[in-house]
Amino acid sequence: MAGLQRGAPCSCRRLAARPQCPYISKTMHQPDLRSDTQPKIARHWWNWEDVLLIVVVASALYLPGLFHVPLFDRDEPRFASAAREMLRSGNFIVPRFDGVLRPDKPPVIYWLMDISYRIFGVHGGSARLPSAVSSLLTLLVVYFMAGKRFGRAVGLLAALVLSVSILFFVESRLATADATMILFTTVAMAKLWDAWDARARVGLDSLVIATPAAMHSTDPLEFLRDADSHPPRSIRWWDVIIFWVAMGLGILTKGVTPIFVFATAITLSVMLGWPKMQPAIAARGNGAAGKLGRWIRNLGTAVRGASWRWFGSLRPLWGIVLLCAVVLPWFIAAWLATHGQLIERMINQNLIKRTTSGLQSHGEPPGFFLATIWATFWPWSVLLVPAGFHAVRRARRLGPIAFDPSGYQFLLCWIIPSWLLFETFVTKLVQYDLPLFIPLAILCADTMVQSWHRLTDVLSAGWFAAARWVWSGIWVLLGAACIGACWWVFLPDHPLEFNAFIPAAVALAATGVVGALAWNRPAWPLLTILGFGLSLLLLNTVALPRVKGLDLSRRAGHEMAIFASQGYHLGAVGYIEPSLVFYAGGHVALFSSPPQMIKTVGLKWRVNKPATTLALRVSAVRAGATGTPAAPMHGMHRPAVASASTRMAARGSRWCVAVDQRTLEYLRAHHIGFTRIDWFSGVKAAKGKLTRVTIITNTVRPH
């Protein structure tokens, strides 16, 4: 290994002004960093304090408020309802929502929700618990994956950085499949990284790598160690099993895990074989086929000449057999149970339509993820540009310190091809690139730690020093926007709900102020994590549970559940949110229009004269409504005496229907008789609109 020495001038302008910066010198004497005078590296570089800290932070961020904040439309209640139907029917093969096949996702997330239902009961918080636990485990995987390659400080900081990244935090508290898919994808990528590190490497005599001892070190020399002092570790048989099982579970969770794994593996293999292929590619000349044809031929040459030997350590032949053993039983059972309908719709909807058309009006142009990453990766998006420059420079062995480029090459090959691939898909949602947050968090953490140890100068640029004011200004604007929006929505009618948001808004603004004061120092990310984590905790435990408008479906659904327990059929028209289906507790017929509802329910009463109390009581007895729930009638509309045919229809089936205001006006305009039970006002969460839901029945009850 080349020598490390303090005090000599560095080739980098920024590092030259720092006398403690170590650098590589081929001509000077090299001290033996592996001598007995150097600190010993523990056999296990990690410690339980780090693990406990990650568990505590994740639990404080993801668990509070899960059982108090209602499910948000529309994905959460669909997952939760499908899992509940599996549990009640005992059919754990075919997912259904409200009795209809649900081909959106494979079954693993439903199985995990059913386990949570068994332990904690059927509740919205129980449906969210698998996502919270999956995110906690993902943070631990990131800690071990990054720490053993870049040092304990980087591993711990990467896990904490990822924990409060806004989109990762949101998905960790939602009853969806994304957090679980990220866990299995991260585990598979960790084992793929082990295989990449286990390959035979040469030419490392002048390279240095970070050690886990850097967490406790203030001396830059202790941050470094010979690259050849870390011999490649062979892949063990349980690593192979974990890799392929994680791949299979990822497929059974959302199906996209192989995209990230194989895109990374192919890119790494092509990169290894590229030096041997360059002469053949250069010899092709210009030709007459045009630039596109030459590019395609060169790409084919690169793929054919790629070096796949390193991937063989994962035993792909045996692995494919293990992967099929994990995946095929469910696919075969689902095919037989639905005569192929579920699998065909799943492939058509999730593979073909999502890549070729804008499914559910989510078609976006290329560059969508590049435009949204600045918001979804907040508050660390300010580090994306310097971290990217830092990774490229390390991967190309540039700069005054020749670090081992292997880890940086892996992270870049994880990010770039998958990112480009998802940009080509027509259907785009912000959560599609969530697995790429793991390598981004690791690179951001490594950039900060190396900057503190004066091993990189990418955070010393003038623009980054000035970015603190933009960064802190955004925090202050977020706090002010929170206050302004709550002022507009809640005052003067709901002062208590307005007051509940004030602590979170103050914490947001304080995070920007404190972060600006500690900018680009070791305290900066820790204070940011503390301040932003406190803001999120206040939002989920103090603010959101007090917003009654978000509780619209839960209140209406609980009212309908009472009628369902008395033998009523449930329906909804106008307000057909999936959350209403979940909270109603059973099958809800979702009508597309008021006429369809009227025909099915049997609301064909004609208004002949105002109803009297006696007529209502007689009609109730004749209609067979005796013993119905004793909730009073509300409102001004009262049904007239029903005809004989209508009474027979009402006697045959009793209905409780949730209608919106437009449907209610339609019924009144057409003189349709009904009994209004109660009404609820709130926010239609999927569209952010204020709405009112009225519960009506087709039976007549006495006061």
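Here the closest non-hydrogen pair linking Arg128 and Leu71 is NH2-CA, 3.4 Å. For Leu436 against Ser418, the heavy-atom pair with the smallest separation is CD2-CB, 4.0 Å. Leu66 approaches Arg173 most closely through the heavy-atom pair N-NH2, 3.7 Å. For the residue pair Ala337 and Val94, the shortest heavy atom distance occurs at CB-CG2, 3.7 Å. Heavy-atom minimum distance, Ser131 versus Thr176: OG-O, 3.2 Å. In terms of heavy-atom proximity, Pro545 sits nearest to Leu539 at CD-O, 4.0 Å.
Arg692 is not listed as a side-chain neighbour of Asp660, based on a closest heavy-atom distance of 4.5 Å or more. At a threshold of 4.5 Å between non-hydrogen side-chain atoms, the residues Ser163 and Leu61 count as touching. Put simply, the side chain of Val170 does not reach to within 4.5 Å of the side chain of Phe72, judged on heavy atoms. Residues Leu580 and Leu590 form no side-chain contact, since every pair of their non-hydrogen atoms from C-beta on lies 4.5 Å or further apart. No side-chain heavy atom of Pro594 sits under 4.5 Å from any side-chain heavy atom of Arg662. Annotation: side chain of Ile343 is in contact with side chain of Trp330 (closest heavy-atom distance under 4.5 Å). Between Val581 and Pro77, the closest side-chain pair of non-hydrogen atoms is not below 4.5 Å. In this structure, the side chains of Ile474 and Trp378 come closer than 4.5 Å at one or more pairs of heavy atoms.
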Report task. Start with the C-alpha distance between Arg102 and Asp104, add both sets of side-chain angles, then the distance that settles salt bridge (charged side-chain N to carboxylate O under 4.0 Å, His left out), and finish with yes or no. Result -> CA-CA 6 Å; Arg102 176 168 166 77; Asp104 294 73; 3.5 Å; yes
Report task. Take Thr427 and Tyr432 through the test side-chain contact (heavy atoms from CB on, under 4.5 Å) and record every step on the way to the result. Result -> CA-CA 10 Å; Thr427 301; Tyr432 283 4; 3.8 Å; yes
Report task. Test Thr699 against Trp655 for side-chain contact (heavy atoms from CB on, under 4.5 Å), laying out the working first. Result -> CA-CA 8 Å; Thr699 60; Trp655 282 83; over 6 Å; no
Requested in this report: Output, in order, the C-alpha distance, side-chain angles, deciding distance and verdict of side-chain contact (heavy atoms from CB on, under 4.5 Å) for Thr338 and Arg345.
Outcome: CA-CA 11 Å; Thr338 62; Arg345 291 177 58 184; over 6 Å; no
Query - Chi angles and distances behind the side-chain contact (heavy atoms from CB on, under 4.5 Å) call for Met560, Tyr583 - result: CA-CA 9 Å; Met560 297 176 70; Tyr583 287 114; over 6 Å; no
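Taking the ring-ring contact (aromatic ring centres under 6.0 Å, His included) definition, one finds that Phe67 meets it with His123, sequence neighbours left out. Shown here are the ring-ring contact (aromatic ring centres under 6.0 Å, His included) partners of Phe490, two or more places apart in sequence or in another chain: Phe501. Every residue was checked against the salt bridge (charged side-chain N to carboxylate O under 4.0 Å, His left out) condition with Asp433, not counting sequence neighbours, and none meets it. For the salt bridge (charged side-chain N to carboxylate O under 4.0 Å, His left out) test, no residue two or more places apart in sequence or in another chain qualifies with Arg555.
The CZ atom of Phe674 sits 12.0 Å away from the CG atom of Asn698 when rounded to the nearest 0.5 Å. Atom CG of residue Leu252 and atom CE of residue Met181 lie 14.0 Å apart, to the nearest 0.5 angstrom. Rounded to the nearest 0.5 Å, atoms NZ (Lys105) and OG1 (Thr180) are 12.0 Å apart. Once rounded to the nearest 0.5 Å, the distance linking CG of Leu63 with CG of Leu136 reads 7.5 Å. Here the CG atom belonging to Leu664 is positioned 12.0 Å from the CD1 atom belonging to Ile672, to the nearest 0.5 angstrom. Considering CD of Gln431 and CG of Leu167, their distance stands at 7.0 Å, rounded to 0.5 Å.
At least one donor-acceptor pair closer than 3.5 Å links the side chain of Asn499 to the backbone N or O of Pro495. Between the side chain of Lys254 and the backbone N or O of Asp178 there is no donor-acceptor pair closer than 3.5 Å. Distance alone, capped at 3.5 Å, places no donor-acceptor pair between the Asp678 side chain and the Ile695 backbone. Although no hydrogens or angles enter the test, the distance criterion places no donor-acceptor pair under 3.5 Å between the side chain of Glu76 and the main chain of Ala127. The closest donor-acceptor contact from the side chain of Thr253 to the backbone of Val108 lies at 3.5 Å or more, if one exists at all. Counting only distance, with no hydrogens or angles, the side chain of Ser135 and the backbone of Ala132 share no donor-acceptor pair below 3.5 Å. With Ser126 contributing its side chain and Val122 its backbone, the two residues share no donor-acceptor pair below 3.5 Å. Judged by distance alone, with hydrogens and angles left aside, the side-chain atoms of Asn540 form no donor-acceptor pair with the main-chain N or O of Pro64 at under 3.5 Å. No donor-acceptor distance shorter than 3.5 angstrom exists from the side chain of Ser381 to the backbone of Phe377, with no hydrogens or angles considered. At least one donor-acceptor pair under 3.5 Å links the side chain of Tyr117 to the backbone N or O of Ala80.
Note that Arg654 lies in the cation-pi zone of Tyr568, set by a 6.0 Å cut-off to the ring centre and a 45° limit from the axis.
Applying the salt bridge (Lys or Arg N to Asp or Glu O under 4.0 Å) test to every pair with at least one member in residues 532-552, sequence neighbours left out, gives these pairs: Asp551-Arg554. The list of side-chain hydrogen bond (donor to acceptor under 3.5 Å, both in side chains) pairs with a residue in residues 79-97, not counting sequence neighbours, is empty.
When the shell of 6.0 Å around NE2 of His558 is examined, it contains more than 12 heavy atoms from other residues, nucleotides or ligands. Residue Trp374 qualifies as enclosed at atom CH2: its count of foreign heavy atoms under 6.0 Å is above 12.
Note on ring orientation: taking the six-membered ring where Trp is involved, the planes of Phe260 and Phe422 are parallel (angle under 30°, cut-offs 30° and 60°).
Aromatic pair Phe97/Phe582: ring centres not closer than 6.0 Å.
A donor-acceptor contact closer than 3.5 angstrom links the side chains of Ser553 and Tyr575.
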